Amino acid sequence: MQLGPVDAQPAVKSDIRACYQTLQDQLPHFIPRKAQNYLVAELAKTLAGDYDPKRRLLVAEAGTGVGKSMAYLMGSIPFALNNNKKVVISTATVALQEQLADKDIPFFHRICPKPFDFILAKGRQRYCCSHKLSAVADTESIQGALFTQKPKRSEQLLLNDLYAALSRGKWDGDRDSWPKPIADHLWQAIASDKHTCHAGLPAHRGCPFAKAREAMDKADVVVVNHSLLLADLELGGGVILPEPEQCLYMIDEAHHLPTVARDFSAASASLLGVVGWLEKLNQAATKLGNTADIKRAHRFVDSVLDAIQTLIPGLREAKNMLSQLPLNDDGCYRFADGELPEALNAPSEQLKTASKKAHQALGKIHDLINERLKENDISAKLADPALAETALFLQRLENLEKVWTLMAQPNSDKGAPLARWVQACREREGDLWVHVSPLEVGWRLDQMLWSRAAGVGLFSATLRALNRFSYFCRQVGLSETDGSRYLALPSPFDYANKARLVIPTMPCEPQASAFTEALSEKIIEHLEGERASLVLFASYWQMKQVTQAVEQTVKQRGWQLLCQGTQSRTALLKAHQQAVNADKTSIIFGTGSFSEGLDLPGNLLTNLIITKIPFAVPTSPVEEAHAEYIERCGGNPFLQIAVPEASKKLVQSVGRLLRKEEDSGKVVLLDRRIITRRYGQSLLDSLPPFKRVIES
């Protein structure tokens, strides 16, 4: 990571001090937090290159209550403004994005001595294309090319309303800002896409995404989600967002980054489903070539048709070969060590070459149509349906090329192999899906981001596993000795006096068949006398079994039981809050997703029951392949993956209890393995310093 000489450092310090002073003045009950102040200072020093001018990267685990959002705003924005850089803040959840854009950044904007502009950035697909919308709002126009079926009257009226609102400046074209949901099939017909919507064409210059992109270029601070960040980096960086070399990346909820990065690098496609749309492309290619001007486009049309003649029989042949594989009960077959059978190597290479050829040739046809439209050689009425059609086929061919490029890629001697598997297709009987995914993405993150960015801060309340950063480092391509700065900042909460960790006696451990029945009795016992409880289960199945077993008792005692999945999360939390505020007993039953991002401060949660240590069973083909790879390297997947992951999830789970400094309560863990197994002590030691009550 390179940055010029930091001669603005005194100005940065001065601006940070001014921010802090104004913060104290504006908040009447402001309490200084040592950990927060330390985080601000360490981030500013890291970005300035004080620790390592070539490695301006900070990894900080900041416990609940540290105030990490305000810390990274205060540590990065003054530095960026004084050094002509931009700040890109990336989060994993919509809730944190909205909190930053609607609350935290506007507040920081008021206390910052230098003015700055900020924007919440979204991907292209969240914006409508004004040109497409004008076409479908006109019932006599090209809607047939954009819709698979004619819109119903109510849908046509909605499209007309959308167009009218956009034309009058009453709507910005953002799907999320329209007051009512817009059905997916309608939105897909009017959404902006990279193939047909670009500012080079006069009709698209005023498109909502073009305007948003313009605003993004001017903004000093851009808030994104991890998916949009990865989308930009996968395109080479600087395509959607500013250039990495000009950015300070503040990556919040960073523990989600490895999974998002892995999903972005994965690809999948069906076999017979692809044959279906390739046959349609085969029929449409000449017509599209005519629109592009057949004299100039004929060789590209020939290339598309030639590639399709290879792809269709090749996919059918692959399907016949793969159909011979013994699928498991889930309709899945995974190739051990990611190695394809010898017989599949040549077909995979052939499909890779042909899909690339078709993709490139159709891209040329698409460009020629665009060119004719730009030069007024053809009317928009003729060009738009052709562009919409080629855009759809280009997206599909791009994915097909990615799948077969990865399938044909030989495993490297260094690093983990790719996970490759086939899955029975639920939509079409007899069809198969082909899936490819990397196991480790750290080297890609290093290549795309760590080695290019002007500076990086990675933040979360749970980055360490078993009190160490090593597991996270392996996942994201960092090293504890690479010059990056690592901080573990404890929560300011008084855990020892405000909360207890209770490990009750249990008749059996979770592996026993009688455990679910034992849970039902123990949960009722630990709900007694408690006004606001949250019970976290390891599986939906177990949650439902226990719900059925206890609901009669709960009803008899007049308690309210709210079960995840019976209503939306928002409605469920509202019902819980209303009951607790009315001095009634309310209990929430939830699974793993409720162990993160659930905020129940004060009297809304005083009793947290965790049924099991949250060990993930490696059931997905990617997880199975990763465990297999670690074993092949002489490692222990349970100790190297399962235990560190469980440690992180357990810390997240207990983090639901205390949300503010004045909160108090108890955590009950109904899994005795934490004191009976060798790994248990390390899990216990990674938890906050609760007062422990271990029943014998």
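For clarity, every value in this text was computed on a predicted model and none was experimentally measured.
- In this structure the side chain of Glu661 never reaches within 4.5 angstrom of the side chain of Asp494, judged on heavy atoms.
- Side chains of Ser177 and Asp172: a donor-acceptor N/O pair is present below 3.5 angstrom, by distance only.
- Using a 4.5 Å heavy-atom cutoff, the side chains of Ile119 and Val223 are not in contact.
- A side-chain donor-acceptor contact under 3.5 Å links Ser270 and Arg428.
- For the residue pair Ser686 / Ser647, a side-chain donor-acceptor distance below 3.5 Å is found, with atom types taken as modelled.
- Using a 4.5 Å heavy-atom cutoff, the side chains of Asn467 and Arg464 are in contact.
- There is no side-chain donor-acceptor pair under 3.5 Å between Gln97 and Thr91.
- No side-chain donor from either of Gln188 and Asp184 sits under 3.5 Å from a side-chain acceptor of the other.
- The closest side-chain heavy-atom distance from Val224 to Ser90 is below 4.5 Å.
- Residues Thr516 and Gln542 have side chains that bring a donor and an acceptor to within less than 3.5 angstrom of each other.
- Aromatic ring centres of His255 and Phe472: separated by at least 6.0 Å.
- Using the six-membered ring where Trp is involved, Phe116 and Phe108 have ring planes that are tilted, between 30° and 60° apart.
- The closest side-chain heavy-atom distance from Val66 to Arg33 is not below 4.5 Å.
- Side-chain contact between Phe459 and Glu253 is absent, with no heavy atoms from C-beta onward closer than 4.5 Å.
- Remark: the Gln99 side chain and the Asp104 side chain contain an N/O donor-acceptor pair separated by less than 3.5 Å.
- Side-chain polar atoms of Gln545 and Ser520 form no donor-acceptor pair below 3.5 angstrom.
- For Asp174 and Arg126, the salt-bridge test fails: no basic side-chain N is under 4.0 Å from an acidic carboxylate O.
- Considering only heavy atoms from C-beta on, Phe594 comes within 4.5 Å of Leu572 through its side chain.
- Of the options Ile523, Ile524, Leu561, Leu527, a side chain to side chain contact (heavy atoms under 4.5 Å, CB included) to Thr553 is made by Ile524 and by none of the others.
- In terms of the ring pair (Phe, Tyr, Trp, His ring centres under 6.0 Å) criterion, residue partners of Trp178 (sequence neighbours excluded) are, by chain and number, Trp171.
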